[in-house]
Amino acid sequence: MILVTGGLGYIGSHTIVELIKNNYEVVVVDNLSNSKREVIDKLKKITGKDIPVYINDLCDKKALRQIFQDNIIDSVIHFAGFKAVGESVEKPLMYYRNNIDSTLTLLEVMEEFNCFNIIFSSSATVYGSPKSLPIKEDFPLSTTNPYGSTKLFIEQILKDLYTSNNKFNITILRYFNPIGADESGLIGEDPRGIPNNLMPYIVKVATGELEILSVFGDDYDTVDGTGVRDYIHVTDLARGHVLSLKNQNGLRIYNLGTGHGTSVLELVNTFEKVNNIKINKKIVPRRPGDIAECFASCDKAFKELGFKAEKTIEDMCRDAYNYVKNNE
Ligand code: NAD
Ligand code: UFG
């Protein structure tokens with residue numbers, strides 16, 4: 001049985017779909033701090049399976065022990081955590097408490113129950129401002145905000161844990177920019193309030209909920225002056241977790257991206273074309289803390305896991321909008 005923490009959230013829910021497609025049994029723990037109960041029914045519709053879900057906080061050790069008592073857990077995929085960069089600058093203690101305390105509690109309970117297999121959701125944010133591109137896993141690590149620091153600290157905790165007890169199989173996955181949604185249109189990304197990230201913002205302009213997209217800077221040294229990122233379809237990302245699970249052995253670290261960069265304007269243009277809709281936009285100054293360009297070297301994940309992203313930017317734009325249209 002695979003324990004998926006944060007399994008009702010955006011990436012966790014898509015990973016559950018892929019796990020079930022691959023005949024894994026899944027149990028979920030989520031405290032609904034950034035997700036909705038209705039995802040449980042939607043997962044049932046997509047997979048045809050009743051998935052056991054515990055509505056608990058991962059920081060609650062007693063509750064977590066109960067989950068390990070009730071189920072024979074072979075591996076954990078650990079998505080739970082807070083993820084908004086800006087909010088982490090305003091509320092650093094809340095971010096450190098939630099992301100680090102939950103992980104420590106989880107790891108302690110795993111050791112108690114002799115469960116030694118974990119996959120952790122890290123982020124390309126741990127590369128800080130990369131000196132060259134594409135970004136490889138052995139590049140120097142640094143962060144510029146408390147959210148990123150939680151990822152970096154947890155990576156270090158996992159490395160130290162592995163040194164102390166090499167029964168552990170630990171896979172650290174550094175995601176680039178996940179966007180898009182399941183083909184069914186039933187699950188997807190549903191940020192509360194005004195989105196910080198580009199694709200959710202574009203989608204809300206498309207639905208008319210927001211008036212105009214601010215493009216943060218057009219004077220970067222990139223193809224058209226706007227920021228470049230490595231967008232990966234969330235379903236591809238989810239497949240990366242299944243491949244990681246099948247290849248757990250010691251301490252491993254992989255980038256999960258496509259290896260291709262797309263600019264803000266390229267993404268907006270593709271969105272307009274695929275969905276046949278106009279996105280109002282204006283150029284505004286750069287967002288503090290943003291880097292110009294970021295894309296992954298995907299060689300390691302390909303060689304060692306056989307992972308290759310398959311979906312296109314067109315797929316990502318179509319599926320992201322389809323989800324929101326379905327759920328308006
Ligand atoms: P999400 O917010 O949609 O999902 C996280 C889930 O964890 C939510 O359902 C939330 O309710 C739950 N959760 C949070 N704290 C919890 C706690 N203490 N106990 C129990 N449940 C808790 O986020 P996501 O986009 O699915 O991201 C999943 C993971 O991937 C996060 O760790 C995130 O930092 C990381 N990540 C995300 C991105 C991205 O762009 N989405 C990029 C890189 C890394
Ligand atoms: N952008 C805009 N307008 C917006 C939002 C974003 O022009 O309204 C631009 C940004 O300047 C950037 C690009 O769109 O050039 C992508 O921005 P996102 O906020 O979507 O993504 P980031 O790469 O900045 O950050 C994301 C996550 C972080 C994570 C990082 C690396 O939000 O949590 O990817 O994985 F750390």
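The first residue of the sequence shown is numbered 1, and numbering continues consecutively from there. Quick caveat, the model's predicted, so the values are computed rather than measured. First listed ligand is number 1; within each ligand, the first listed atom is number 1.
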statement: Ranked by distance from atom 35 (O) of ligand 2, the top protein heavy atom is Ser123 OG, 3.0 Å

- line: Under 4.0 Å from one or more heavy atoms of Gly227, ligand 2 contributes atoms 15 (O)

- request: May I ask you to identify the nearest protein heavy atom to atom 12 (C) of ligand 2, giving residue, atom name and distance to one decimal place in Å?
  value: Arg229 NH2, 3.6 Å

message: Give me the residue, atom name and distance of the protein heavy atom closest to atom 19 (O) of ligand 2.
response: Arg287 NH2, 2.8 Å

query: N/O of Ser122 under 3.5 Å from N/O of ligand 1, yes or no?
result: no

task: Measure up the Phe168 and Phe116 rings against each other and bin them: parallel (under 30°), tilted (30 to 60°), perpendicular (over 60°).
output: perpendicular

statement: heavy-atom search around atom 31 (C) of ligand 1 in the protein gives Phe79 O, 3.1 Å

Tyr127 near ligand 2 by a heavy-atom separation under 4.0 Å: no

Any N or O of Val85 closer than 3.5 Å to N or O of ligand 2: no

- prompt: In the protein, which heavy atom is nearest to atom 19 (N) of ligand 1, and how far is it?
  reply: Leu58 N, 3.0 Å

message: Tell me whether Ser123 has any N or O atom under 3.5 angstrom from an N or O of ligand 1.
response: no

message: Can you report which non-hydrogen protein atom sits closest to atom 34 (O) of ligand 2, along with the distance?
response: Asn177 ND2, 3.5 Å

Minimum-distance protein heavy atom relative to atom 5 (C) of ligand 1: Gly81 O, 3.9 Å

Residue portion contacting ligand 1 (non-hydrogen atoms closer than 4.0 Å) for Asn197: neither

- prompt: Do Leu213 and Ile283 belong to the same hydrophobic cluster, where Ile, Leu, Val, Met, Phe, Trp and Tyr are linked whenever their side-chain heavy atoms lie under 4.5 Å apart, directly or via other members?
  reply: yes

query: Looking only at N/O atoms, are Tyr201 and ligand 2 under 3.5 Å apart anywhere?
result: no

query: Quick check, are the ring centers of His241 and Tyr254 under 6.0 angstrom apart?
result: no

field: Lys325 atom NZ, neighbour heavy-atom count above 12 within 6.0 Å
entry: yes

Polar contact flag for Gly9 and ligand 1 (N/O pairs, less than 3.5 Å): yes

field: Identity and separation of the nearest protein heavy atom to atom 20 (C) of ligand 1
entry: Asn31 N, 3.3 Å

query: What's the shortest distance from atom 3 (O) of ligand 1 to any protein heavy atom, and which residue and atom give it?
result: Tyr10 N, 2.8 Å

query: What is the closest protein heavy atom to atom 20 (O) of ligand 2, and at what distance does it sit?
result: Leu198 N, 2.8 Å

task: State whether the shortest distance between N or O atoms of Asn98 and N or O atoms of ligand 1 falls below 3.5 angstrom.
output: yes

- request: Assess Arg286 against Tyr220: is NZ or CZ under 6.0 Å from the centre of the six-membered ring, and within 45 degrees of the ring's axis?
  value: yes

message: Counting non-hydrogen protein atoms only, what is the nearest one to atom 3 (N) of ligand 2? Give residue, atom name and distance.
response: Ser214 O, 2.7 Å

- prompt: In this structure, are over 12 heavy atoms from other groups packed under 6.0 Å from Asn165 atom CG?
  reply: yes

task: List the closest protein heavy-atom neighbour of atom 24 (P) of ligand 1: residue, atom name, distance to the nearest 0.1 Å.
output: Lys83 NZ, 3.7 Å

field: Asn197 contact mode with ligand 2 (heavy-atom cut-off under 4.0 Å)
entry: both

message: Take a 6.0 Å sphere around CD of Glu25 and say whether it holds more than 12 heavy atoms from other residues, nucleotides or ligands.
response: no

Atoms in ligand 1 with a heavy atom of Ser121 nearer than 4.0 Å: 29 (C), 30 (O), 32 (O), 35 (C)

- request: Decide if atom CD of Glu211 counts as having more than 12 heavy atoms of other residues, nucleotides or ligands within a radius under 6.0 Å.
  value: no

Atom 16 (C) of ligand 2: nearest protein contact (heavy atom, Å): Tyr231 OH, 3.4 Å

message: Taking the ring centre of each residue, are Tyr147 and Phe82 less than 6.0 Å apart?
response: no

statement: Looking only at protein heavy atoms, what sits closest to atom 2 (O) of ligand 1 is Asn34 ND2, 2.6 Å

- request: Treating Ile, Leu, Val, Met, Phe, Trp and Tyr as nodes and any side-chain heavy-atom pair under 4.5 angstrom as an edge, say whether Val28 and Ile119 lie in one connected cluster.
  value: yes

- prompt: Can you list the ligand 2 atoms lying under 4.0 Å from a non-hydrogen atom of Val215?
  reply: 7 (O)

- request: List every atom of ligand 2 that sits less than 4.0 Å from any heavy atom of Asn196, numbering the atoms from 1 in the order shown and giving each element.
  value: 5 (C), 19 (O)

task: Heavy atoms only: give me the nearest Arg239-Ala309 pair and the separation to one decimal.
output: NH2-CA, 4.1 Å

query: Would Leu251 and Ile157 show up in the same hydrophobic cluster when neighbours are defined by side-chain heavy atoms closer than 4.5 Å?
result: yes

- prompt: Does Tyr220 come within less than 4.0 Å of ligand 2, judged by its heavy atoms?
  reply: no

query: What about Glu189: any of its N or O atoms under 3.5 Å from an N or O on ligand 1?
result: no

task: Give the single entry among Ile202, Thr125, Asp230, Asp218 that approaches atom 36 (F) of ligand 2 most closely by any heavy atom.
output: Thr125

message: I want to know if ligand 2 touches Tyr147 in the polar sense, i.e. an N/O pair below 3.5 angstrom.
response: no

- request: May I ask you to identify the nearest protein heavy atom to atom 27 (O) of ligand 1, giving residue, atom name and distance to one decimal place in Å?
  value: Ile11 CD1, 3.7 Å

- line: Note: heavy atom closest to atom 9 (O) of ligand 1, options Asp30, Thr5, Leu8, Asn99, belongs to Asp30

task: Report yes if Pro178 has an N/O atom closer than 3.5 Å to an N/O atom of ligand 1; otherwise report no.
output: no

- prompt: With only distance considered, is Lys151 within less than 3.5 Å of ligand 1 through an N or O on each side?
  reply: yes

Heavy atom of Asn177, distance to ligand 1 below 4.0 Å: no

query: Is the closest N or O pair between Cys59 and ligand 1 shorter than 3.5 Å?
result: no

message: Ring-plane angle category for Phe113 and Phe68, please: parallel below 30°, perpendicular beyond 60°, tilted otherwise.
response: tilted

statement: atom 1 (N) of ligand 2: closest protein heavy atom, distance to 0.1 Å, is Phe216 CD1, 3.5 Å

query: Under 3.5 Å, is there a donor-acceptor pair between the side chain of Asp315 and the main chain of Lys311?
result: no

